[in-house]
Amino acid sequence: MRASRLLLPTLRDDPADAVAASHKLLVRAGYVRQVGTGLWSFMPLGFRTLTRTMQVIREEMDAIGCQELLMPIMHPEELWRQTGRNEIPELFKLTDRKGSELVLAMTHEETIALHAAAEIRSYRDLPQMWYQFQTKERDEPRPQGGLLRTREFIMKDAYSLDRDPEGLQRSYDAQAGAYRRIFERLGCQYYEVESDVGMMGGSAAMEYMAPSSAGEDRIALSEDGSYAANVELAVSRPSLPDFGPSAPIHEIETPGITTIEQLSEYVGRDPRLTAKSVIVVPEDEQGGIVLALVRGDHRAHDLKLTRAIGGPFRPATPEEIREAFGAEPGSIGAVGLREGAVREVIVDPVLTTGAYLTGANRTGWHLHGAEFGRDFTGRVVDIRHVEEGELSVETGSPLRIEPAIEVGNIFQLGTRYSDALGAKYLDESGVEQSIWMGSYGIGPARTMAAIAEQSHDERGLIWPPAVAPYDVWITPIGEAALVAADELAATLTAEGLAVVVDDRDSSPGVRFADADLIGVPHRVTIGKRLEKDGVISIKRRGVEGEQDVPVGDGAATLLAAISA
RNA sequence: CGGGACGUGGCGCAGUCUGGUAGCGCACUCGGCUGGGGGCCGAGUGGUCGGAGGUUCAAAUCCUCUCGUCCCGACCA
């Protein structure tokens, strides 16, 4: 392919509104263009990389016996009412000319369960695995970072149908294996981590996380590699203070002390010997205040606390705190609460051993030596934010916390969707049973962006070979060089490679800069040295130095490098 | 949803405070030189200053409303 015929809308400057590296580079290199907030076109270059990414995914899905199909984006809202997911705020809704209510699918569990209900009759029909590449629509509160978070995106979504939990586990494991091979082949560095089931519901879930500073998620990883989890549900062993002997609880005066730091300093005790009161108001009809207790040096994790409460919440106002506890914020604790002051006390498990310094519910006073069970109580739920340096529960290996981009996930859904839509089968003894479902997603465009985040330099993108839009970029300098370039391109193309001959009339420097920005793995320069020495230069993107080879060996050298 | 910022040729920006004939760089077109890292010279094309309303002799500039986009906090491939 001649570059002069390609749409290569490269930009010299970073787009002004871009922050993420992948956003800047994919726009600058001419891969994508924005249509609106969270809405992107894939230009020809970008579409090639997207297509190659999807092809790797397709091959690995096919390899585990997952069958490709295609379902519509627009669904009757009634279908979503059956699972209650029509209430999700991210769901786009519309009405047709007859007044029928429709939704734009954000995922396809309902549709799969609908088809399973209609087509699966017997245990002999199971197991099944189906997948598609289909557009998803999500009314995101905040699209972000170019391709990293969009309102419309193509997802590879796969679904498994099994007769029982054991079958589901086998399908889930097969998908996990395929996912590892996919990210491996794509050249996307990733971690497989335990994750929250979120809006999908279900029993088990893992996320495939591409480490990147642009990531919105945080994952906890043990140094020995044995533990990896999203901080949304990560657990750890915190360091323990020396509690000393148990003593009766007693009040101490702490004038003007409102923070853990002040308290710890004032009484001269380790912050790990204090308990912190987090006071929140659940945003539901039930009303009331929740008092959540974590150790003084710890933080409550919002999502963990949301799960513990069973729904969203907001911080309590100082007025609400004064009214419920009869004391100012900063002196609040769980000991000696009056009847009905709070809806519930939630206690982080760390606090169930030892004695703590905590608010006395009397302004300017704290309590020494409060012990769980003796002096205060509450529902024990892990709500603690795991911190860097804490130890893995299993092996005691230290944890580090890294930002990452969620590029894929797998869920064991169970029977939630099949029950809602009546997806059942008859077993060997003629008894009707629920179908066990799993769902498995990958965002190819987000994956592409994650790879761009992980693999670039100051000159531009550096694509892993599997996802590069072209395999070889040839820059001829001069008339004779162009002839040689076309010959080399023809040879390589016949071998199945995608090759660009940059015949544009720009100066060599401009063309080199474009080739580097676009990030094609192998670049060939054909110039003066062809006539002088009969050699051409081959350069690997992202690797220092060039290799001069006789023009006749060019194709063989490239083919060897590419198949290596 | 809360908070902040920005909309001026295709891209990146100045001009706005203090109203007075819309500018710079890049890109693009033509001619010439150049040809292994965004090269040089010359001549050009292209903008209802996001939109609407208002104030004024006069609005990119002041006022009101509105639309759009980005970033920071709660949600997810």
Side-chain angles (χ1 to χ4, degrees), chain A residues 9-20 23-24 27-28 30 33-39 53 57 88-90 106-108 133-158 179 195-200 205 207-210 215-217 230 232 283 302-303 305-306 312-315 405-411 439-450 459-460 475-479 481 504-517 523-530 532 535-537 539 546 548:
Chain A
T10 54
L11 269 25
R12 196 173 286 237
D13 302 309
D14 281 335
D17 53 11
V19 176
H23 183 184
K24 289 179 185 169
V27 171
R28 266 192 68 201
R33 288 294 186 261
Q34 185 169 22
V35 174
T37 303
L39 301 171
T53 304
I57 298 169
I88 294 176
E90 281 75 23
M106 46 195 297
T107 173
H108 282 77
F133 288 96
Q134 178 60 296
T135 302
K136 307 297 181 222
E137 307 282 350
R138 295 186 184 177
D139 192 357
E140 291 286 349
R142 186 148 109 77
Q144 197 194 352
L147 257 37
L148 289 174
R149 184 176 201 72
T150 58
R151 292 194 292 178
E152 176 176 293
F153 59 97
I154 292 173
M155 175 157 69
K156 184 289 296 175
D157 45 326
Y179 272 43
S195 77
D196 181 45
V197 294
M199 73 166 180
M200 293 299 182
E207 288 167 336
Y208 292 80
M209 290 289 195
E216 301 176 87
D217 284 273
N230 195 308
E232 292 171 354
E283 296 181 309
D302 279 354
L303 190 61
L305 188 51
T306 302
F313 61 84
R314 61 169 174 82
I405 299 163
E406 183 185 357
V407 289
N409 58 29
I410 61 178
F411 292 93
S439 89
Y440 315 93
I442 294 179
R446 185 185 273 183
T447 302
M448 178 176 154
R459 293 179 180 181
T475 310
I477 301 164
E479 289 298 320
R504 293 176 298 172
D505 190 29
S506 312
S507 72
V510 169
R511 288 182 289 155
F512 290 146
D514 266 0
D516 288 345
L517 177 60
R523 201 184 71 206
V524 179
T525 308
I526 305 181
K528 278 199 208 105
R529 289 208 284 271
L530 175 66
K532 211 167 61 185
V535 300
I536 62 177
S537 307
K539 180 166 190 328
E546 282 186 309
D548 285 349

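Every chain is numbered from 1, with letters handed out A, B, ... down the list of sequences. Keep in mind it's a predicted model, so treat the numbers as computed, not measured.
Distance check, rounded to the nearest 0.5 Å: CG of A:L39 to CD of A:E137 gives 8.0 Å. Taking CG of A:D196 as the start and CZ of A:F411 as the end, the distance is 8.0 Å to the nearest 0.5 Å. Rounded to the nearest 0.5 angstrom, A:R142 CZ and A:R149 CZ are separated by 9.0 Å. A distance of 6.0 Å separates CG in A:L517 from OG1 in A:T10, rounded to the nearest 0.5 Å. Note that the CZ atom of A:F512 and the OG atom of A:S506 stand 12.0 Å from one another [nearest 0.5 Å]. For the atom pair CZ of A:F153 and CE of A:M106, the computed distance is 8.0 Å after rounding to the nearest 0.5 Å.
Across all strands, A:Q34 comes closer than 4.0 Å only to sugar-phosphate atoms, never to a base (heavy-atom distances). If you check every strand for non-hydrogen atoms under 4.0 Å, A:T447 touches nothing. Across all strands, A:T37 comes closer than 4.0 Å only to sugar-phosphate atoms, never to a base (heavy-atom distances). Counting non-hydrogen atoms under 4.0 angstrom, A:S506 reaches a base of the nucleic acid. Among the atoms of the strands shown, only primed sugar atoms or phosphate atoms (P, OP1, OP2) are found under 4.0 Å from some heavy atom of A:L303. Contacts of A:K528 with the nucleic acid, taken as non-hydrogen atoms under 4.0 Å apart, include base atoms. Across all strands, A:G408 comes closer than 4.0 Å only to sugar-phosphate atoms, never to a base (heavy-atom distances). A:G145 comes within contact range of the sugar-phosphate backbone alone, with a heavy-atom separation under 4.0 Å but no base atom that close.
Across all strands shown, the partner of B:U29 is B:A43, judged by Watson-Crick or G-U wobble contacts whose two distances both fall under 3.5 Å. Base pairing of B:C75: no nucleotide in any strand meets the Watson-Crick or G-U wobble criterion (both distances under 3.5 Å). For B:C57, the paired nucleotide is B:G20, the pair qualifying as Watson-Crick or G-U wobble because both relevant distances are below 3.5 Å. In this entry B:U69 has B:A5 as its Watson-Crick or G-U wobble partner, both defining distances falling under 3.5 Å. The nucleotide B:U48 finds no pairing partner, because no Watson-Crick or G-U wobble arrangement with both distances shorter than 3.5 Å includes it. Nucleotide B:G37: unpaired (no Watson-Crick or G-U wobble partner with both distances less than 3.5 Å).
With both ends at atom P, the span from B:U56 to B:C63 equals 16 Å, rounded to whole Å. Comparing B:C11 with B:C70, their P atoms sit 15 Å apart, to the nearest whole Å. The separation of B:G4 from B:A14, taken at their C1' atoms, amounts to 23 Å, rounded to a whole angstrom. Rounded to a whole angstrom, the distance from the P atom of B:C17 to that of B:U21 is 14 Å. Distance check on atom P: B:G25 versus B:C65 gives 38 Å, rounded to whole Å. Nucleotides B:U66 and B:U29 are separated by 43 Å at their P atoms, to the nearest Å. Rounded to the nearest Å, the gap between the P atom of B:A52 and that of B:A60 is 12 Å. The separation of B:G9 from B:C24, taken at their C1' atoms, amounts to 12 Å, rounded to a whole angstrom.
Here B:G36 presents its P atom at 10 Å from CZ of A:R511, a figure rounded to the nearest Å. Protein atom CG of A:D505 is 16 Å distant from nucleotide atom P of B:C40, rounded to whole Å. Distance A:R142 CZ to B:C70 P: 10 Å, rounded to the nearest Å. Computed from coordinates, the A:E207 CD to B:A77 P distance equals 7 Å when rounded to whole Å. Whole-Å rounding puts the A:I477 CD1 to B:G35 P distance at 11 Å. Remark: C1' of B:A74 and CD of A:E232 are 12 Å apart, rounded to the nearest angstrom. Between the P atom of B:C76 and the CG atom of A:D196 lies a distance of 8 Å, rounded to the nearest Å. In this structure, the CG atom of A:D516 is 16 Å from the P atom of B:G36, given to the nearest Å.
Nearest nucleotide to the A:D13 side chain, out of B:C11, B:C76, B:G35: B:C11. Considering only the side chain of A:D302, B:A74 comes nearest among B:A74, B:G35, B:C70. Of the candidate nucleotides B:G36, B:G39, B:G37, B:G37 has the atom nearest to the side chain of A:R523. Of all nucleotides listed (B:A77, B:C13, B:G39), B:A77 comes nearest to the side chain of A:N409. Side-chain proximity of A:D17 to B:C70, B:C11, B:C75: nearest is B:C70. Looking at the side chain of A:R12, the nearest of the listed nucleotides B:G39, B:G36, B:A77 is B:G39. Comparing atom distances between the A:E546 side chain and each of B:G36, B:C70, B:A77 picks out B:G36 as nearest. Residue A:R138 has its side chain nearest to B:C76 when only B:G37, B:C76, B:C70 are considered. Ranking B:G12, B:G36, B:A77 by closeness to the A:A16 side chain, first place goes to B:G12. With B:G38, B:C75, B:U69 as the candidates, the nucleotide lying closest to the side chain of A:E90 is B:C75.
Two residues, A:E152 and A:A18, neighbour RNA chain B, and the one matched to the more 5' nucleotide by heavy-atom proximity is A:A18. A residue-by-residue look at A:D14 and A:R149 shows that A:D14 has its nearest nucleotide of RNA chain B further toward the 5' end.
Distance alone, capped at 3.5 Å, places no donor-acceptor pair between the A:R523 side chain and the A:K539 backbone. Put simply, the side chain of A:R151 never gets that close to the backbone of A:D139: no donor and acceptor are under 3.5 Å apart.
Checked options A:D548, A:T525, A:I526; the residue passing with A:I536 is A:I526 (criterion: side chain to side chain contact (heavy atoms under 4.5 Å, CB included)).
Both geometric conditions, a ring-centre gap below 5.5 Å and a plane tilt below 30°, are fulfilled for A:F153 over the base of B:A77.
Donor-acceptor pairing under 3.5 Å, judged by distance alone, is absent between the side chain of A:S507 and the base of B:G37. Counting atom types as modelled, A:R28 pairs a side-chain N or O with a base atom of B:G38 as donor and acceptor under 3.5 Å. Side-chain N/O atoms of A:R529 and base N/O atoms of B:G35 include no donor-acceptor pair closer than 3.5 Å. For A:R314 against B:C1, no side-chain N or O and base N or O form a donor-acceptor pair under 3.5 Å.
Residue A:Q144 places no side-chain N or O under 4.0 Å from the OP1 or OP2 atom of B:C75.
Partners of A:E207 by side-chain hydrogen bond (donor to acceptor under 3.5 Å, both in side chains), not counting sequence neighbours, listed by chain and number: A:N230.
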